[in-house]
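For reference, the structure discussed in these notes is given below.
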Amino acid sequence: MPEIAFREALRMTLREELLADERVVLMGEDIGAYGGSYAVTKGFQQEFGPERVIDTPISEEVIVGCGIGAAMGGLRPMVELMTINFSLLAFDQIVNNAAKICYMSAGQFHVPLVIRMASGAGSQLSSQHSQSMEGWFAHIPGLKVVVPYTPYDARGLLKTAFRDPNPVIFIEHTALYSRKGEVPDGDYALPFGQADVLRKGDDVTLIGYSGSVYQATLAADLLAQDEISAEVLNLRTLRPLDIDAILTSVRKTNRAVVIEDDWKFGGFAGEIAAIIMEQAFDDLDAPVARVCGTDTPIPYAKELEQAALPQPQQIAGAAKGLF
Amino acid sequence: MPEIAFREALRMTLREELLADERVVLMGEDIGAYGGSYAVTKGFQQEFGPERVIDTPISEEVIVGCGIGAAMGGLRPMVELMTINFSLLAFDQIVNNAAKICYMSAGQFHVPLVIRMASGAGSQLSSQHSQSMEGWFAHIPGLKVVVPYTPYDARGLLKTAFRDPNPVIFIEHTALYSRKGEVPDGDYALPFGQADVLRKGDDVTLIGYSGSVYQATLAADLLAQDEISAEVLNLRTLRPLDIDAILTSVRKTNRAVVIEDDWKFGGFAGEIAAIIMEQAFDDLDAPVARVCGTDTPIPYAKELEQAALPQPQQIAGAAKGLF
Amino acid sequence: MTQLAEKPDVKELEKPQLIEMLRQMLLIRRFEEKTAEMYSRSKIAGFLHLYIGEEAVAVGAINALNDDDQIVTHYRDHGHALARGIEPERIMAELFGKDTGVSRGKGGSMHLFDAKRSFMGGYAIVGGQLPLACGLAFANQRLRNGRIVLCIFGDGAVNEGAFHESLNLASVWKLPIIFLCENNFFGMGTDIRYVSAVIEVYKRAEAYAIPAEQVDGMDALAMYEVTQRLARHVRAGYGPAFLEAITFRFRGHSMADPELYRKKEEVQRWRGLDPITALRKQLDARGAIDDAAFEALQQDVEEVVNEAVRFAEESPKPPAEALYSNVYYEEPAADA
Amino acid sequence: MTQLAEKPDVKELEKPQLIEMLRQMLLIRRFEEKTAEMYSRSKIAGFLHLYIGEEAVAVGAINALNDDDQIVTHYRDHGHALARGIEPERIMAELFGKDTGVSRGKGGSMHLFDAKRSFMGGYAIVGGQLPLACGLAFANQRLRNGRIVLCIFGDGAVNEGAFHESLNLASVWKLPIIFLCENNFFGMGTDIRYVSAVIEVYKRAEAYAIPAEQVDGMDALAMYEVTQRLARHVRAGYGPAFLEAITFRFRGHSMADPELYRKKEEVQRWRGLDPITALRKQLDARGAIDDAAFEALQQDVEEVVNEAVRFAEESPKPPAEALYSNVYYEEPAADA
Ligand SMILES: Cc1ncc(C[n+]2csc(CCOP(=O)(O)OP(=O)(O)O)c2C)c(N)n1
Ligand SMILES: Cc1ncc(C[n+]2csc(CCOP(=O)(O)OP(=O)(O)O)c2C)c(N)n1
Ligand SMILES: [Mg+2]
Ligand SMILES: [Mg+2]
């Protein structure tokens, strides 16, 4: 299989959707003339025209609301929010409209909308530009939340997002855009709610999603040096969450570490830990460990920022602490 | 001690603050001429004048941002957001400014701001007006999150909020406003981060905050009928969270049920459950149970809405399930 | 969607059409008086925002639209729903929280929806429906279906960021929307003069280069005339239009409102301008109605409203499973 | 706060003051050229937004203010910080992520703060600083301290809801704010003509009844003159004023910008209007500077910038504990 970058996997899929369905339109800040702040839509406006690939004003609330209305009105829109940090300005539209219109109208209307956004820290962008709020979206009934790790995930899950009749929040960790991975030429789609066992192991399960899966794999390497065989689970979607895959792995390894860039306190890692302990209590040899971002905003200085994020050594250390 | 309503406890305290400190100003939608949508500030504008008790436009983002700036500029503002549902429109200001300015400026500026808002479901206001997002605020480093249950809590914690140099999110469950409780005449303040053992018990710990504590007490009554002695813990603040009080109680009862109106998946109850299992794993006779809102938006119809919220029977049932 | 013929000019309105508009206004009035009664009898709960006094706005504007034009509005939506022709009994049933309601009891008063009539919903976050209107209009523009959107909101919504972002986007993209501001001078208990830098709301549309007009919202025929004119402009592809209707709500903001913020006299003065009396006079002048006919209309409306209550009363509650349905899209059942 | 004397009228500016303004512009230019160099050498990371080409806006406006007036701005803030007199070495150290930086390495380029100089911060959420400006001005109004707020943002920020809500509130409450829009015609890679319904930004202030002017942002003295005039008006309690400065950024939006969206010729044309050359000519005309003096200034600035780099290089990194400090307010240490 050919190796392509995460960004390429997204581009390939978006192009296919634009070609396949007239009703597909892409809207967002700087996705056209500028080419997308992470170059995901580079060249698309030239290829598909400003009617299909549309530069919007810097108005997050109406960009998202417009996507919702367009979806209700019969189009198949994809809205790009540049980064997850700016989604806070559109939170009302996402939580109170996108996630509730189908319910409040008793199914008379629904919202087939894909909202893409870049997430994560690590590029020294300081506090306002380095957040990871995947867990907040996952908390909301009515939404689906997709967090790909590999290029293969990105392509297969984005396909599914465009087939889903519900609002889908599609989150891309900025550290992944240039990472390569195998992606089949052919068309394929990955179902939501199916995690991927990235690496098989017997002693401990390392659970991550999006960028944190990478840290988990590095931690698994470290553990291997100490003869600890770690299984690495890539969740792929947070809502729906593949609870079976999590429990199956933990019932085998009897130990788990959940890794998340976001703040630990009140974060999504706590949900995963709680579910495991609720449903596999007697299978656990030790409480589930969480390795997350520090309880601070993200600072600019490189060393401070790195210290604020989960590191492979920490993850490996937490895993060893379970023995 | 005299019995007064939760609302009265808030009014008494706000009046004291207005009288005590010229720099205290109250801003919000309809807090003046209308008297406050929950009548908490009724009569204040007449008493203190429109310069101290200020009706704002319906502009949540600038109301909160203005409160932040005013706090940075030397005032002691209190902003009322009417309901927690509307706070979504001000989320960017709360998360990216209020919670981060002290950090980003390395302490050169800070934000002594109190933001009050009503929360909760149960009045048939349907999906957009019935949310409980306390956990989202609790997730954010830089904020403090206060969730009073009794009038005594309300008065003592609001006092402390006005003494705190940081942004404090003060959340009032609408079902509590008219509930009465003992409040001493004298001035007193309750420290943040100290939970209240509302009822002593030996067999199971029921953990709640704000409105859910009431459901917990009713459940405790039901359990008493079956000779199960439940300890009821009223958290009072979510950030800081009184982890010691939680662990102390659970180490005694060896069982815990966490009750929350908010959606279970990815909610704050999961954090509490995770903390207990992380730190008192060997003291638990059963996994921590969670009784929360159903994974749906809140519907209008009475029976459906009630079914969407934690009920005493469910809580009692969950508690019995731990034996 | 079948594209329907445009409505006639106001001068060409025939007697039956004029009578129908008057009937709709009487229906809204009587329907809401009844809901207030049912609210006090706890048949209806939650927030109930009455439209009494503003009937001419909804009736005049909505009758001037094509039947497949879309309407998106706020929580004060009974009048708009009735003017759009949604069955009174299905609205009453919604307020009663019954399974036969337009939103099957899930939405209640603030969230009326009817897909069949392109009634895209009542929304309860002030200003939250304006971005949706942009999207609906954007879809119409792309699908070239000839439909336009009527987006209704109040004077209070004008100060929300969503208003600004929506008007700018609609103007830049030339979206087919009529922005209809129901200016009743109060946002809840707050007088527009204390919170809006420019109280002639239509003037704020200039900042977005959107043609704007102000109209007497107590005059149904004036509402009809201007709405139809703007609809033509918008439908022709010239972009959005803005309409400020001057009106007044005779009742409190909601049933909970103690109305401490305004004088009885002010309310009385406005009650003197009752839009129903006004339209009746206009029809009288056109010889379109006599006292007997008017009483017949009242009779008719009275029965319709009582029937609506009976229907709502007798309708079943939503089944317990309804709590869990429609969180995500479900394939429609055969009958739908 | 000690209330300082107002600055002289532009005509009364003495030679030293004029020279100082030119020096500041040269300093900003050289300082930023150096930061670009340091960025390519990975001494600076994250986003780096250069102000090159826009120097006259910051220098003209900020020199016209009292020293205790507050400034709140966006992420493109080096120019504003330097014009306010913040030590270049402490800014460079911030960009280097050092403990000696103005924000002790926590904020970086987008978040410069200096409480001692009433520099209330650079903010990176577009439009997010406007509501803060309202609050700061509100506090000044209540404390009657005679201070006003200069709130700086770009043409792209004008389409955010926060812009609308802030201008309306500032107008209704008559807040002492000068809203300064740096209109460089692009929001990142997006041409204002494609996203703004009204491209003459100052005209949008009319929707809030705020007096507004447009000024040549490439002319430091014109900036000084109009800012001082508006400052008087605002300080006198007449409410906010709006100023649109027409300017252009000679470099990309940030170091990452491939600049696919604009023509080299357009950039060249603007470079022909270099604000530094322009001010030098004006001073020349006033006989305030000769070539020798100009070269001396360049020399001086060169040394200051090199010294700033040396200082930044040699400064210590923040201690590991710094990650955890300032999340909540801490009592200032004795020296602070
Ligand atoms: C975002 C938001 N803020 C506040 C409220 C509370 N609220 C409900 S209606 C209303 C007044 C709206 O006034 P206006 O837009 O003039 O409409 P009217 O009720 O007068 O028809 C307010 C403040 C809300 N529902 N949503
Ligand atoms: C809310 C928000 N949306 C988007 C961005 C990404 N972004 C950063 S700067 C910028 C352009 C701003 O343009 P303008 O206001 O004209 O300022 P300029 O950069 O031209 O000085 C954008 C879109 C952001 N930082 N915040
Ligand atoms: Mg109104
Ligand atoms: Mg710009």
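Within every chain, numbering begins at 1; the chains are lettered A, B, ... in the order of the sequence lines, protein sequences first and strands thereafter. This structure is a prediction, so every number in the text was calculated from the model and none was measured.
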With a 4.5 angstrom heavy-atom cut-off, could you sort out which part of [X] is near chain A: side chain, backbone, both or neither?
X	value
F119(C)	backbone
V72(C)	neither
L323(C)	both
A124(C)	neither

* Asked: Listed by chain and number, what are the side chain to side chain contact (heavy atoms under 4.5 Å, CB included) partners of I243(A), not counting sequence neighbours?
  -> L241(A), L247(A), I275(A), Q279(A)
* To do: Count the heavy-atom pairs under 4.5 Å between each of V172(C), L143(C), V327(C) and chain A, then report the option with the highest count.
  => V327(C)
* V25(A) portion near chain C, given a 4.5 angstrom heavy-atom threshold ->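 Answer is side chain: those atoms of V25(A) sit under 4.5 Å from chain C.
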* Asked: With a 4.5 angstrom heavy-atom cut-off, which part of L143(A) approaches chain C: side chain, backbone, both or neither?
  ->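 Backbone only.
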* To do: Please say whether more than 12 non-hydrogen atoms of neighbouring residues, nucleotides or ligands are located less than 6.0 Å from NZ in K159(A).
  =>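 Count over threshold, so yes.
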* Side-chain heavy-atom pair L132(C), I101(A) within 4.5 angstrom cut-off -> yes
* Under 4.5 Å between any side-chain heavy atoms of F163(C) and V62(A), yes or no? -> no
* Which of the residues G73(A), P165(A), P77(A), G65(A) is involved in the greatest number of heavy-atom pairs with chain C at under 4.5 angstrom? -> G65(A)
Pairs of donor and acceptor atoms, chain A with chain C, under 3.5 Å:
residue: E51(A); atom: O; partner: R142(C); partner atom: NH1; Å: 2.1
residue: E61(A); atom: N; partner: E165(C); partner atom: OE1; Å: 3.1
residue: V62(A); atom: N; partner: E165(C); partner atom: OE1; Å: 3.0
residue: A70(A); atom: N; partner: G135(C); partner atom: O; Å: 3.4
residue: Q93(A); atom: NE2; partner: G128(C); partner atom: O; Å: 3.1
residue: N97(A); atom: ND2; partner: G128(C); partner atom: O; Å: 3.2
residue: Y103(A); atom: N; partner: N326(C); partner atom: O; Å: 3.3
residue: Y103(A); atom: OH; partner: L323(C); partner atom: O; Å: 2.7
residue: Q108(A); atom: OE1; partner: A115(C); partner atom: N; Å: 2.8
residue: Q108(A); atom: NE2; partner: V102(C); partner atom: O; Å: 2.8
residue: Q108(A); atom: NE2; partner: F113(C); partner atom: O; Å: 3.2
residue: G142(A); atom: N; partner: Y328(C); partner atom: OH; Å: 3.2
residue: L143(A); atom: O; partner: Y328(C); partner atom: OH; Å: 2.6
residue: N166(A); atom: OD1; partner: Y329(C); partner atom: N; Å: 2.8
residue: R239(A); atom: NH1; partner: Y328(C); partner atom: OH; Å: 3.3

* **A139(C) versus A70(A), closest heavy-atom pair with distance** =>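 Closest approach of A139(C) to A70(A), heavy atoms only: CB-O, 3.9 Å.
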* Asked: Just how far is it from atom CG of L136(C) to atom SG of C66(A), taken to the nearest 0.5 Å?
  -> 9.0 Å
